[in-house]
Amino acid sequence: MKKRYQTPALPYAYDALEPYIDKETMRLHHDKHHVAYTTKLNAALEKHPELFAKAPEDLLKDLESVPEDIRTAVRNHGGGHVNHAFFWEIMGPNAGGQPQGQLLAAIKESFGSFEDFQKSFEEAATMLFGSGWAWLVVDSGKLAVEKTSNQDSPLSEGQQPILALDVWEHAYYLKYRNLRTDYVKAFWNVTNWGSVEEKFNEV
Ligand code: MN
């Protein structure tokens, strides 16, 4: 029997991102929402279990190769699984501040300044209509801010994400209610730039 996908454990405590992201939101978001995406991805792949040999990221990078009867499920639940695993990694306690070194240089080259990048990212996260994600991606060797709807991944567009912000209401509504902008601004306090730099250097 091929190995099923697992929801990775949160790499820090549920309350580690307080006061910016509250414990109850983290608990529900990881233990209920993320687990549900992973469970539904596994359920879809039971119809084509040979696909469990692939990394879920590779399924998203080539959705056309996924059998049509499960393609939408892989796009939605595979996206949900991969996006959330990524999201937990680029946040952390004792985080925030600014990126350094080559990443900072690349941000300045693409956006002018770190502040201009923040403005562009905040605008994408705030203006996105409905549920989705804001991203910083590497696209053809250059950094760009992108947004995707639902659980769509930039991987499916040939882009490599290095930073993400979940702007589904389940990510912030308990604490911030309808004030998505406050949540987006608070995110900068928990952005783990060390992890983002690692992802940037891997690309
Ligand atoms: Mn989410």
Side-chain angles (χ1 to χ4, degrees), residues 8 11 21 29 33-34 37 41 54-66 71 74-92 95-168 171-172 180-181 183-203:
I21 302 181
H29 203 172
H33 291 277
H34 190 170
Y37 290 120
L41 173 64
K54 291 194 174 194
E57 287 83 356
D58 290 336
L59 298 175
L60 298 175
K61 282 179 191 169
D62 192 8
L63 281 172
E64 288 301 310
S65 74
V66 174
R71 195 175 296 153
V74 168
R75 179 177 173 177
N76 291 337
H77 305 303
H81 171 65
V82 167
N83 292 345
H84 285 88
F86 182 95
F87 186 44
W88 313 136
E89 287 176 7
I90 58 84
M91 296 191 291
Q98 286 203 14
Q100 311 289 325
Q102 289 191 323
L103 176 56
L104 182 60
I107 285 175
K108 285 180 175 168
E109 194 188 316
S110 291
F111 301 98
S113 69
F114 179 65
E115 290 70 27
D116 286 328
F117 153 70
Q118 282 186 301
K119 223 176 281 174
S120 171
F121 188 87
E122 286 176 11
E123 194 176 276
T126 309
M127 300 296 283
L128 186 134
F129 183 75
S131 296
W133 294 75
W135 304 90
L136 177 61
V137 302
V138 180
D139 186 2
S140 309
K142 287 206 73 177
L143 289 178
V145 166
E146 294 290 336
K147 37 186 199 263
T148 61
S149 290
N150 304 315
Q151 294 297 349
D152 287 355
S153 166
L155 294 171
S156 304
E157 301 298 324
Q159 300 166 332
Q160 198 66 43
I162 62 168
L163 178 72
L165 180 58
D166 187 345
V167 293
W168 283 57
Y172 63 88
R180 188 194 285 185
T181 305
Y183 161 71
V184 170
K185 287 189 179 296
F187 170 67
W188 300 122
N189 296 289
V190 295
T191 310
N192 180 353
W193 286 108
S195 168
V196 179
E197 278 171 39
E198 273 174 36
K199 292 181 187 302
F200 176 69
N201 292 334
E202 282 167 19
V203 178

Item checked: Taking every non-hydrogen atom, the tightest pair across Gly78 and Leu60 -> O-CD1, 3.9 Å
Notebook entry, point to check: So, the side chain of Asn150 versus the backbone of Asp152: is there a donor-acceptor pair under 3.5 Å, distance only?
Noted result: no
Checklist line | Euclidean distance, Glu57 CD relative to Gln160 CD, rounded to 0.5 Å | finding: 9.0 Å
Checklist line | Near-ring test Trp168/His84, centroid separation under 6.0 angstrom | finding: no
Check: Angle class for the Trp188/Phe114 ring planes (parallel below 30°, perpendicular above 60°, tilted otherwise)?
Finding: perpendicular
Note to self: Set out, in order, the CA-CA distance, both residues' side-chain angles and the distance that settles side-chain contact (heavy atoms from CB on, under 4.5 Å) for Phe187 and Val184, then state yes or no.
What the structure shows: CA-CA 5 Å; Phe187 170 67; Val184 170; 5.7 Å; no
Margin query: Tell me whether the rings of Tyr37 and His77 are parallel (<30°), tilted (30 to 60°) or perpendicular (>60°).
Written below: tilted
Note to self: I'd like to know whether NZ of Lys199 has more than 12 heavy-atom contacts from other residues, nucleotides or ligands below 6.0 angstrom.
What the structure shows: yes
Notebook entry, point to check: Do Leu165 and Tyr172 pass the side-chain contact (heavy atoms from CB on, under 4.5 Å) test, and can you show the C-alpha distance, the side-chain angles, and the key distance before you say yes or no?
Noted result: CA-CA 11 Å; Leu165 180 58; Tyr172 63 88; over 6 Å; no
Notebook entry, point to check: Is the number of heavy atoms from other residues, nucleotides or ligands within 6.0 Å of CD (Gln102) greater than 12?
Noted result: no
Notebook entry, point to check: Shortest non-hydrogen contact from Leu155 to Pro161?
Noted result: CD2-CD, 3.7 Å
Note to self: Looking at every non-hydrogen atom in both residues, tell me the closest pair between Ile107 and Pro99 and how far apart they are.
What the structure shows: CD1-CG, 3.7 Å
Notebook entry, point to check: Under 3.5 Å, is there a donor-acceptor pair linking the side chains of Trp133 and Gln151?
Noted result: yes
Notebook entry, point to check: Should Val82 and Leu41 count as side-chain neighbours, where that means a heavy-atom distance under 4.5 Å?
Noted result: no
